[in-house]
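Please read the structure below before turning to the comments.
Chain letters run A, B, ... following the sequence lines, proteins first and then strands; every chain starts at 1.
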Amino acid sequence: MSLKFDHKAAEARWQAAWDKAQLFAADDASPAPKRYVLEMFPYPSGRIHMGHVRNYTMGDVIARTRRAQGFEVLHPMGWDAFGMPAENAAMERGVHPGEWTRANIAAMRGQLQRLGFALDWSRELATCEPDYYGHEQALFLDLMAAGLVFRKESAVNWDPVDMTVLANEQVIDGRGWRSGAVVERRRLSQWFLKITDFADDLRAGLDALPDWPEKVRLMQENWIGKSQGLRFRFILSPPLFREGSGEGASVSERWDRAVPPERPSPNPSLKREGSDGFDVFTTRPDTLFGASFAAIAAEHPIATALAETNPALAAFIAECRAGGTSAAEVETQEKRGYDTGLSVVHPLDPSIHLPVFVANFVLMDYGTGAIFGCPAHDQRDLDFARKYALPVPRVVAPDGEADAPIDAEAYVGPGRLVNSRFLDGMSVDDAKAAVIARAEAEGWGTGTTVWRLRDWGVSRQRYWGTPIPVIHCAACGAVPVPKGQLPVVLPEDVTFDRPGNPLDNHPTWKHVACPACGGAAVRETDTLDTFVNSSWYFIRFASAPLDQPFDKAVAEQWLPVGQYIGGVEHAILHLLYARFWTRALQRIGRLDVAEPFAGLFTQGMVTHETYRAVTLRTDEAGHPLMLGDEPVVEHHWVEPSAIERRDDGIFEVGSGLPIEIGRTEKMSKSKKNTVAPEPILERYGADAVRWFMLSDSPPERDLAWSEASIEGAWRFVQRVWRLATEPGDAEGEADPALLRTLHKAIAGITADIDKLQFNKAVARLYELVNAIERADASPSRVTAIVTLVQLVAPMVPHLAEEAWATLGQTGFVASAPWPVADPQWLVDDTVTYAIQINGKLKDTFETAKGMARVDVEAAVLARDKVIRALDGKTPKKVIVVPDRLVNLVA
RNA sequence: GCCCGCGUGGCGGAAUUGGUAGACGCAAGGGACUUAAAAUCCCUCGCCCUUACGGGAGUGCCGGUUCGACUCCGGCCGCGGGCACCA
């Protein structure tokens with residue numbers, strides 16, 4: 001009989017049955033050992049894409065397998081529901097962000113449910129609802145009380161037309177992506193979280209995460225960026241005269257004079273600054289005698305002070321600020337400086353005076369915003385010194401090259417100190433230590449660690465986010481909203497018809513009484529970065545009481561997440577912020593968990609070929625345009641569904657234009673190489689799609705979507721179904737060979753799933769199916785088919801349930817205990833020896849396991865092929881690897 | 001520029017971590033069944049030489065270690081990713 005597997009009926013039937021039985025609801029009170037399986041929750045963009053399908057399928061295999069293995073599994077789903085696309089939709093279509101988001105969630109929930117994931121939908125959450133973000137506000141206030149929140153001025157990208165702050169990726173070629181207006185740098189007072197407090201902790205903690213990809217740990221480590229060195233103070237030289245200050249002034253003949261020349265009294269604005277000098281940081285204190293200048297950032301307070309009375313300097317600073325910060329601009333940007341006319345005293349020799357520049361390559365927000373320049377051993381300093389004709393004294397050299405001149409490249413390699421007085425002859429490391437020791441002994445500097453990591457700015461001048469629960473009062477300052485007044489709810493009646501932040505524009509929302517003094521005050525109208533939302537959602541999944549963000553004891557039962565799965569694009573920010581937030585909660589005693597994600601897996605993208613139709617550009621009359629002798633060619637991207645393959649090539653449907661096949665790339669709208677999941681699900685069913693997602697490519701690598709492969713997946717589903725409907729007679733003898741294959745498959749597949757090597761598990765399942773198909777009817781064959789159904793259940797659950805029932809098994813296969821391999825079937829009693837001569841395979845032979853060495857040798861030497869290959873020679877040496885191979889060295 | 005990863009048939013990829021390279025899938029070719037098609041089943045399928053039997057080289061390139069190297073070491077080439085004026 002063997003009808004086709006009816007995926008539509010089976011999916012509907014089993015999804016309803018699972019739901020009715022509440023099969024996948026996690027029980028906090030269960031005595032079983034707990035496992036938390038989590039995939040990064042989606043942004044509700046409107047529809048799921050293949051990347052989601054791949055991500056959630058992998059997680060589902062883990063969750064279902066763990067459940068079958070007897071664990072109480074928490075596998076929840078929710079929505080990362082705040083963010084800009086909702087506001088864009090509001091502006092473009094006049095729909096309210098909340099309405100848009102909630103409609104998207106409803107649509108995507110339905111799509112996910114069609115895939116039959118073993119999710120606990122009772123724990124579903126959306127970050128845009130007050131019952132989520134209200135608790136987030138409470139946590140924010142807790143962190144604030146603990147001193148982990150502060151406010152400071154910070155520069156933002158400001159779009160003067162849309163009157164809004166832009167993220168860096170919204171600035172394209174210096175212009176706002178929407179308005180096209182030239183973006184300004186504005187300084188706004190913003191809220192920050194003190195992630196730098198945890199820099200060392202977050203870095204050191206990476207070592208305790210063996211189940212994270214090495215790559216991600218490295219990326220985080222680099223991002224945190226620990227640098228050890230010396231921080232010391234440069235004291236401004238006593239009044240001395242240096243003519244010719246200004247940009248490009250050549251001062252080389254002056255800076256190294258033993259006797260400082262005279263100069264006018266110090267700048268009055270500097271005096272007001274109360275500054276006798278400034279701090280610098282260096283990782284190369286060993287090269288201090290190679291110093292030839294000092295430089296401060298354009299935003300450095302000294303530069304700002306000097307600029308008040310120096311219009312030329314003010315202009316220079318303005319130019320520095322206008323310079324873009326994009327990678328390409330930075331790379332091509334020339335090193336430029338402005339000589340302030342000031343000098344500083346060399347800390348190791350007061351007779352040496354170094355000129356002070358304002359330089360465009362010194363960053364205010366790293367280290368102290370000021371450096372000493374050592375051109376011989378730092379490329380940037382060298383570029384700068386060459387431009388301004390500063391000396392380039394070498395102080396480190398490999399043995400015997402003390403006099404080798406520095407040309408266009410700074411020397412950053414190892415060597416010994418030269419031209420450095422008491423440091424001469426020391427290694428770089430010894431000299432670093434010696435200078436730090438001396439600085440500390442003499443009190444002008446200290447050994448310090450500096451981090452690349454910056455504090456986390458969480459203010460966003462946007463509507464669709466968590467309102468920051470603070471009230472600004474003229475008398476009391478920034479006052480936290482009392483916990484009893486939470487949540488601070490976003491007003492629904494907002495408009496997007498004018499530029500700016502709708503919260504700010506709202507007629508009444510922000511006007512409130514100060515909680516401290518009762519006077520007139522205004523609410524903070526900034527909202528929190530959406531990364532805050534995703535920094536604790538996994539805790540709320542584990543425990544979601546009404547009256548508090550989570551219950552400590554309940555959350556700790558589930559946490560940390562055993563297996564977290566998502567894209568590499570979140571390797572740094574999201575994962576670092578979540579790690580920080582968890583540690584911050586630990587510090588304030590709310591949760592005793594340091595690392596939120598014990599195991600992390602970053603899956604590859606789903607890709608597809610790209611197709612381009614080629615046309616000739618024509619003028620108004622329809623004649624092809626020519627560029628010289630060549631016609632001008634135009635391309636446009638064509639979606640996969642709009643091409644047809646014919647014997648004479650590939651063409652665009654409708655236009656008939658020839659198609660060029662381009663690179664296989666990440667599915668994207670711009671390249672039109674996306675394949676929507678819904679029609680595929682309709683046609684091939686959820687199980688075939690899930691199976692495809694697990695086949696072929698290793699999960700960390702990209703997976704190329706192809707019509708042929710999904711057909712192959714569909715065929716596999718049918719093959720398993722045929723076995724289930726025609727298992728054959730269970731009478732007669734057992735089939736030891738099949739049982740051996742079966743138990744090896746059980747062991748292998750279980751191990752593969754443990755290691756998330758789904759492609760290998762898939763290959764083994766194919767082998768098992770092949771073996772069962774070839775086997776004659778026997779009790780063993782029926783056993784093998786029943787076990788096969790269990791083994792494929794995490795991957796193709798609807799088919800498995802249907803097959804399970806058809807085979808007369810009771811209950812859900814989803815709840816059946818995971819098969820365990822019987823060790824007696826895992827050992828072979830025969831082995832195949834490979835016979836090599838000089839390492840090259842010549843022959844093989846089969847024999848009983850554990851054959852004595854001498855017997856093996858004798859058997860090998862007696863074989864025809866060996867005799868022929870040796871051609872009468874006696875092997876010089878015979879290497880026998882027991883039960884594996886023999887190598888004859890001739 | 002710095003850091004990291006990867007190069008295996010027409011394609012996606014296996015290879016017990018130093019021991020028979022190419023499992024498994026896709027594609028392709030041939031055949032069976034069928035009035036026909038679909039579905040299904042059987043066979044072939046990395047390269048070169050050979051009608052065959054066989055033989056040879058082979059895991060990006062060059063060299064090394066080893067009885068034996070896709071695997072380890074050194075040096076190149078190519079592709080991909082992350083960071084980027086971080087002192």
Side-chain angles (χ1 to χ4, degrees), chain A residues 2 4 213-223 225-227 229-230 280-284 287 295 297 323 325-331 333-335 359-363 365-374 377-381 383-384 412 450-454 568-569 571-572 664 691-692 695-698 700-704 706-713 715-716 718-719 722 748 751 757 759-770 773 832-844 865 868-869 875-881 884-890:
Chain A
S2 187
K4 274 196 184 142
E214 179 74 28
K215 179 170 119 177
V216 174
R217 292 201 309 245
L218 261 164
M219 282 164 72
Q220 292 224 348
E221 190 163 340
N222 292 340
W223 187 263
K226 182 178 187 171
S227 295
L230 171 71
V280 297
F281 172 76
T282 178
T283 54
R284 295 296 303 272
T287 64
T325 52
S326 77
E329 283 172 291
V330 162
E331 196 161 347
Q333 205 164 60
E334 205 183 352
K335 306 277 177 288
N360 66 343
F361 67 95
V362 179
L363 306 174
D365 51 3
Y366 180 77
T368 62
I371 61 159
F372 86 83
C374 176
H377 307 290
D378 181 290
Q379 191 59 45
R380 291 155 304 170
D381 296 350
D383 295 344
F384 189 82
V412 294
V450 162
W451 305 90
R452 204 194 86 107
L453 183 69
R454 311 287 153 79
V568 244
E569 65 273 20
I572 299 177
T664 297
W691 184 256
F692 172 85
S695 310
D696 295 349
S697 284
E700 69 278 9
R701 278 200 227 168
D702 290 350
L703 173 69
S706 82
E707 198 75 19
S709 287
I710 184 68
E711 298 251 4
R715 275 200 298 272
F716 175 80
Q718 300 303 330
R719 282 171 74 189
R722 265 196 305 279
Q757 296 180 328
N759 59 320
K760 291 196 211 172
V762 163
R764 281 188 218 272
L765 282 162
Y766 272 114
E767 286 177 285
L768 179 58
V769 168
N770 288 342
E773 282 177 346
T832 306
Y833 269 90
I835 304 173
Q836 300 179 335
I837 294 179
N838 292 331
K840 295 212 179 289
L841 183 75
K842 293 293 168 185
D843 197 5
T844 62
K865 284 187 183 176
R868 216 181 319 139
K876 286 195 232 81
K877 200 170 170 188
V878 179
I879 286 148
V880 179
V881 182
R884 203 167 262 275
L885 66 67
V886 177
N887 190 14
L888 306 174
V889 186

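- In terms of polar N and O atoms assigned as donor or acceptor, the side chain of A:R715 never comes within less than 3.5 Å of the base of B:C26 in a complementary pairing.
- Taking 3.5 Å as the limit, the base of B:C67 and the side chain of A:K876 contain no donor-acceptor pair of atoms between them.
- Pair assignment for B:G7: B:C77, on the basis of Watson-Crick or G-U wobble contacts that are both within less than 3.5 Å.
- The phosphate of B:G25 has OP1 or OP2 within less than 4.0 Å of a side-chain N or O from A:N770.
- A:K226 comes within 4.0 angstrom of nothing in the nucleic acid, heavy atoms only.
- Listed here is the closest heavy atom pair of A:A834 and A:L841: CB-CD1, 3.8 Å.
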Tell me, with the steps shown, if A:L768 and A:N770 meet side-chain contact (heavy atoms from CB on, under 4.5 Å). CA-CA 5 Å; A:L768 179 58; A:N770 288 342; over 6 Å; no
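- With both pairing distances under 3.5 Å, B:G1 is matched to B:C83 as a Watson-Crick or G-U wobble pair.
- Atom CG of A:L885 and atom C1' of B:G19 are 4 Å apart (whole Å).
- Judged by Watson-Crick or G-U wobble contacts below 3.5 Å, the nucleotide B:C72 has B:G64 as its partner.
- Distance, A:K840 NZ to B:A21 C1': 12 Å, rounded to whole Å.
- Rounding to whole angstrom units, CD of residue A:E707 and C1' of B:C11 are separated by 16 Å.
- Per the geometry, CD1 belonging to A:I572 stands 15 Å off C1' belonging to B:C86, to the nearest Å.
- Across all strands shown, B:A57 has no partner, as no Watson-Crick or G-U wobble contact with both distances under 3.5 Å is found.
- If you run side-chain contact (heavy atoms from CB on, under 4.5 Å) between A:L703 and each of A:S709, A:P698, A:S697, only A:S697 comes through.
- In this structure, A:K335 places its NZ atom 5 Å from C1' of B:C85, rounding to the nearest Å.
- The same atom, C1', is picked in B:A23 and in B:C76; the two are 33 Å apart, to the nearest Å.
- With ring centers used as reference points, A:F281 lies 6.0 Å or more from A:W451.
- Here B:A28 sits opposite B:U44 as a Watson-Crick or G-U wobble pair (both hydrogen-bonding atom distances under 3.5 Å).
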Below 3.5 Å between N/O atoms, which protein atoms pair up with nucleotides 14-16 of chain B? Just atom names and distances, please.
| residue | atom | partner | partner atom | Å |
| --- | --- | --- | --- | --- |
| B:A14 | OP1 | A:N759 | ND2 | 3.3 |
| B:A15 | OP1 | A:K760 | NZ | 2.4 |
| B:U16 | O2 | A:R884 | NH2 | 3.2 |
| B:U16 | N3 | A:R884 | NH1 | 2.8 |
| B:U16 | N3 | A:R884 | NH2 | 2.8 |
| B:U16 | O4 | A:R884 | NH1 | 2.4 |

